[in-house]
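Numbers here simply count residues along the sequence, with the first being 1. The structure displayed is predicted, hence computed values, not measured ones.
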Amino acid sequence: MKRSRLLFSAGLFYLAVVAIGCNQSNPVVPPVNVNELQSEVTGEGFFSAADGQAKDQGSYYAVLASESFQMGSRSINVIVPKQTSVPYTVNVGSDPVAVLSYDVSSDNVTHKQFYAQQGVGSGTITVTQVTPTLEGSFSGTLWQVPNAGADTVRTLASGQFNASF
């Protein structure tokens with residue numbers, strides 16, 4: 001009787017540990033490969049592009065990536081000012097240079113653009129490496145410009161980039 005209670009208790013403990021481990025609110029996201037950009041896009045699903053390109057624009061970096069789907073395409077652009085050392089994080093809503101943008105074109109007719117930049121939306125961009133590739137992460141709440149009514153916000157979550165120059 002004692003042995004079966006002990007085994008039962010051990011089994012319950014094991015199940016509790018497994019359940020807690022599977023219910024993490026911030027799961028570990030594996031790093032992206034070179035030239036990849038990934039992000040969860042609220043209302044539109046997971047964005048994953050393997051054509052990410054970094055551009056050194058003098059005082060800032062730009063990361064551009066796009067993906068096609070059956071009836072259109074979508075893209076994410078990340079613009080972040082340069083700083084002297086990494087890692088660093090930029091607040092998109094208050095920085096005069098930083099921009100997060102999300103564009104989606106469907107049925108080759110409808111085109112929507114969403115932005116976060118100084119005074120519009122919010123977000124953060126973190127740069128963790130600038131050589132040999134530009135790596136980092138981002139998240140933000142982007143507003144449709146111009147404001148077109150009810151469907152005007154997209155949230156980018158758990159975004160990552162690793163782009164070659």
Separation of F47 CZ from Q38 CD (nearest 0.5 Å)
9.5 Å
Heavy-atom donor-acceptor pair, E67 side chain to S48 backbone, under 3.5 Å
yes
Among side-chain atoms of E44 and Y102, is any donor-acceptor pair under 3.5 angstrom?
yes
Got a second to check how far S94's OG is from Q117's CD, nearest 0.5 Å?
12.5 Å
Checking side-chain contact (heavy atoms from CB on, under 4.5 Å) between L100 and each of T141, V80, L142, I79, which is the one that passes?
L142
Return the OG to CZ distance between S66 and R74, rounded to the nearest 0.5 Å.
11.0 Å
With heavy-atom distances below 4.5 Å as the criterion, would you say the side chains of K55 and L64 are in contact?
yes
Stepwise side-chain hydrogen bond (donor to acceptor under 3.5 Å, both in side chains) check, S164 with N35
CA-CA 6 Å; S164 57; N35 296 332; 2.6 Å; yes
Looking only at heavy atoms, the pair that brings A116 and V92 closest together is O-CG1, 3.3 Å
Between Y61 and K82, is there a cation-pi geometry (under 6.0 Å to ring centre, at most 45° from the normal)?
yes
Of the non-hydrogen atoms in E40 and F46, which two are nearest, and what is the gap between them?
OE1-CD1, 3.5 Å
One should read off an interatomic distance between R154 CZ and Q144 CD, to the nearest 0.5 angstrom, of 7.5 Å
Looking at every heavy atom in both V127 and V86, which two are closest together, and how far apart are they?
CG1-CG1, 3.9 Å
What are the two closest non-hydrogen atoms of A157 and S39, and how far apart are they?
O-OG, 3.4 Å
Keeping D95 on the side-chain end and A98 on the backbone end, is there a donor-acceptor pair under 3.5 Å?
yes
Rounded to the nearest 0.5 Å, what's the gap from OG1 on T152 to CZ on F114? Could you check?
7.5 Å
Side-chain donor-acceptor pair under 3.5 Å between T133 and N162, yes or no?
yes
S73 OG to H111 NE2 distance, which is reported to the nearest 0.5 Å:
7.5 Å
Which heavy atom in A65 sits nearest to a heavy atom in D51, and how many Å separate them?
CA-OD1, 3.5 Å
Examine L156 and V90 and state if one hydrophobic cluster contains both, with Ile, Leu, Val, Met, Phe, Trp and Tyr joined whenever side-chain heavy atoms are less than 4.5 Å apart.
yes
Distance-only polar pair, side chains of T89 and T126, donor-acceptor under 3.5 Å
yes
Does one hydrophobic cluster hold both L134 and V34, with members joined at side-chain heavy-atom distances below 4.5 Å?
no
Check whether any side-chain heavy atom of L37 lies under 4.5 Å from a side-chain heavy atom of F138, and answer yes or no.
yes
Taking every non-hydrogen atom, the tightest pair across P81 and Y88:
O-OH, 2.9 Å
